[in-house]
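Sending over a structure as structure tokens; questions will come in a sec.
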Amino acid sequence: MTRTMSDRPWYRQLHGQVGIALLAGFALGVGARLLDPYGFPAEAFGEGVGVVGDIFLRLLKMVIIPLIFTSLVCGVASLGDARSVGRVGLRTVLYYTMTTTLAILVGLTLVNLFSPGRYLDIGASTDLPEGLSTTSQSLPQFLLNMVPDNIIDAMARGDVLPVILFAILFGLFLVRLNGPNVEAVHRVMEGALEVIQALTLAIVGLAPIGIFALLAREVVRSGPELIMRLMPYFATVGGGLLIHAAVTLPLILLLIARRNPWDYFRAVLPAVATAFSTASSSATLPLSMECAEKEAEIPRGVSSFVLPLGATVNMDGTALYEAVAALTIAQMYGVGLGLPEQALVLLTALLASVGAAGIPMAGLVMMVVVLEAVGLPVEGIATIIAVDRVLDMMRTSVNVWSDLVGAAVITRFEGRAP
Ligand code: ASP
């Protein structure tokens, strides 16, 4: 680790600047809200500042598909053959399932211990956002959608899973064939990846500004008093996320990946902070890949495979949140859920987290699946929605942190650890 950590003072390194940006963004948001009663146009100010953050977000989104495609093709090609790809794939999926299940178990334990739903009343609901109950998809549909019928269309829509599947197949056939034409394609892919990575690096340098602006707007928009109303529920999800992020995952890093958790966290902090301020695993992907390869010494063959897949299907934070939210809603309606029902919550929360896209509020949309599975009223979502944005930011950070821990674990088993 220390080999790549630069010797510059902390405030000139990206993670230091990101830390400052988080504090400054929060302070600016709080300041604007405090001045609001004195005639300061806090909301307009927040939205104005937020545009800078939106530009950063768009720049990130701009590179996602070309970055996933080129790095996955080159990553698969560097793994060599279908057997290695299969082995890495299997380990990755095992890691994802294991950590997501652990996260859900933490959530279920806390929600049973503290029963945050007792403090909520059904009448306090706000309206459901439009289209909330129609956007979830069934498991067969989800599997079908993984196979693109038109790769250009999938890319244009930013549909990550079909692009991943196509890139893996492309990479596999690239190494299977020989000859000057195929080699030329391979070189073009490597060259395109170099260019895209350089571009990504430049965008990543803007992360402190983007994070600052996005967070300031978010604080102005949601305000701390909203959180107070749902404090017990908020604290249960937050506490669960904290346990998973600060205890479970570091233990996995230490015991399985054999990495110093603190050093590793510092190396990937810009990615985790970006996840926090964008609430989108997908938008964070360019930063995750950059931090993993440049700062955390994860080989490209691993990062280009584990991270895009993780950003799309590995969502520990989302799964934990689904489980806590479902049980909170059950408690609010006075419905007791026994062990079999809670096992069903565990299973559906796992599937819902796999099915949730790496975009803001995706987890809230997937709540419908979990609630319907155990026969709870979907309207319950309306009550917890008030604090969803902040929880979304927190769970997305945990999602991305878990993806990055996964990259370290797979690196260890691929025998290429630093
Ligand atoms: N926003 C989350 C993510 O991108 C998904 C969710 O809403 O839980 O990882």
Side-chain angles (χ1 to χ4, degrees), residues 53 56-58 60-61 64-65 68 96 99-100 103-104 106-107 128-129 131-133 135-137 142 158-161 164 210-211 214-215 218 221-222 233-234 236-238 240-241 244-245 249 268 271-289 306-326 328-329 345 348-371 381 384-407:
F56 170 63
L57 209 53
R58 281 191 178 217
L60 284 176
K61 288 184 180 164
I64 292 172
I65 293 293
I68 291 182
Y96 288 165
T99 55
T100 307
I104 298 174
V106 169
L128 279 181
L132 186 65
S133 52
T135 31
S136 62
Q137 43 171 275
F142 173 72
D159 229 343
V160 177
L161 281 182
I164 290 180
I211 287 170
L214 288 170
L215 191 61
E218 216 44 62
R221 269 187 190 167
S222 18
Y233 160 70
F234 184 85
T236 309
V237 180
L241 291 175
H244 191 66
L249 292 175
V268 302
V272 177
T274 304
F276 185 74
S277 50
T278 60
S280 167
S281 307
S282 296
T284 308
L285 184 62
L287 267 110
S288 309
M289 295 182 67
V306 176
L307 294 176
L309 207 61
T312 327
V313 301
N314 181 42
M315 298 197 180
D316 295 5
T318 300
L320 186 151
Y321 147 85
E322 304 279 345
V324 174
T328 302
I329 290 172
V345 168
T348 44
L350 185 68
L351 292 176
S353 72
V354 171
I359 54 172
M361 278 181 72
L364 189 74
V365 172
M366 293 306 281
M367 272 302 299
V368 177
V369 179
V370 184
L371 292 178
I381 296 176
I384 55 166
I385 214 162
V387 285
D388 198 70
R389 178 66 192 195
V390 185
L391 288 180
D392 196 2
M393 294 158 80
M394 290 162 49
R395 65 185 185 247
T396 308
S397 310
V398 176
N399 292 345
V400 168
W401 174 225
S402 170
D403 297 341
L404 286 155
V405 171

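Because the structure is a prediction, the values reported are computed rather than measured. As the structure lists them, so they are numbered: ligands from 1, and atoms in each ligand from 1. Index from 1, following the sequence.
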Requested in this report: Would you check if N314 and T99 make a side-chain contact, meaning some heavy-atom pair closer than 4.5 Å?
Outcome: yes
Query raised in the report: Hey, is ligand 1 close enough to A279 that some N/O pair sits below 3.5 Å?
Result: yes
Query raised in the report: Does the N or O separation between S282 and ligand 1 drop below 3.5 Å for any pair?
Result: no
Query raised in the report: About how many Å separate OG1 of T396 and CE of M361, when rounded to the nearest 0.5 Å?
Result: 12.0 Å
Query - Y321 and N399 side chains, donor-acceptor separation under 3.5 Å - result: no
Requested in this report: Report, in ascending order of atom number, the atoms of ligand 1 lying under 4.0 Å from any heavy atom of R395.
Outcome: 6 (C), 7 (O), 8 (O)
Query raised in the report: Quick one: nearest non-hydrogen protein atom to atom 6 (C) of ligand 1, plus distance?
Result: G363 N, 3.2 Å
Query raised in the report: Under 4.0 Å from ligand 1, counting heavy atoms only, is it the side chain of I359, its backbone, both or neither?
Result: backbone
Query raised in the report: With side chains defined as the heavy atoms from C-beta onward, is the minimum distance between L391 and Y233 less than 4.5 Å?
Result: yes
Query raised in the report: Shortest non-hydrogen contact from M315 to S353?
Result: O-CB, 3.5 Å
Query raised in the report: Which atoms from ligand 1 have a heavy atom of S280 less than 4.0 Å away?
Result: 4 (O)
Query - Identity and separation of the nearest protein heavy atom to atom 2 (C) of ligand 1 - result: T396 OG1, 3.2 Å
Query - Ligand-residue contact atoms, ligand 1 with T318, heavy atoms, under 4.0 Å - result: 5 (C), 6 (C), 8 (O)
Query raised in the report: Do any nitrogen or oxygen atoms of L364 lie less than 3.5 angstrom from nitrogen or oxygen atoms of ligand 1?
Result: no
Query raised in the report: With backbone taken as N, CA, C and O and side chain as the heavy atoms from C-beta onward, which portion of M361 lies under 4.0 Å from ligand 1: side chain, backbone, both, or neither?
Result: backbone
Requested in this report: State which residues pass side chain to side chain donor-acceptor pair (under 3.5 Å) with S277; sequence neighbours excluded, sorted by chain then number.
Outcome: none
Report task. Identify the protein heavy atom lying closest to atom 3 (C) of ligand 1, giving its residue, its atom name and the separation to 0.1 Å. Result -> S281 OG, 3.2 Å
Requested in this report: For T274, enumerate each residue passing the side chain to side chain donor-acceptor pair (under 3.5 Å) test, keeping only those at least two apart in sequence or located in another chain.
Outcome: none
**Report entry** Heavy-atom closest pair, residues A349 and A319
**Finding:** CB-O, 3.8 Å
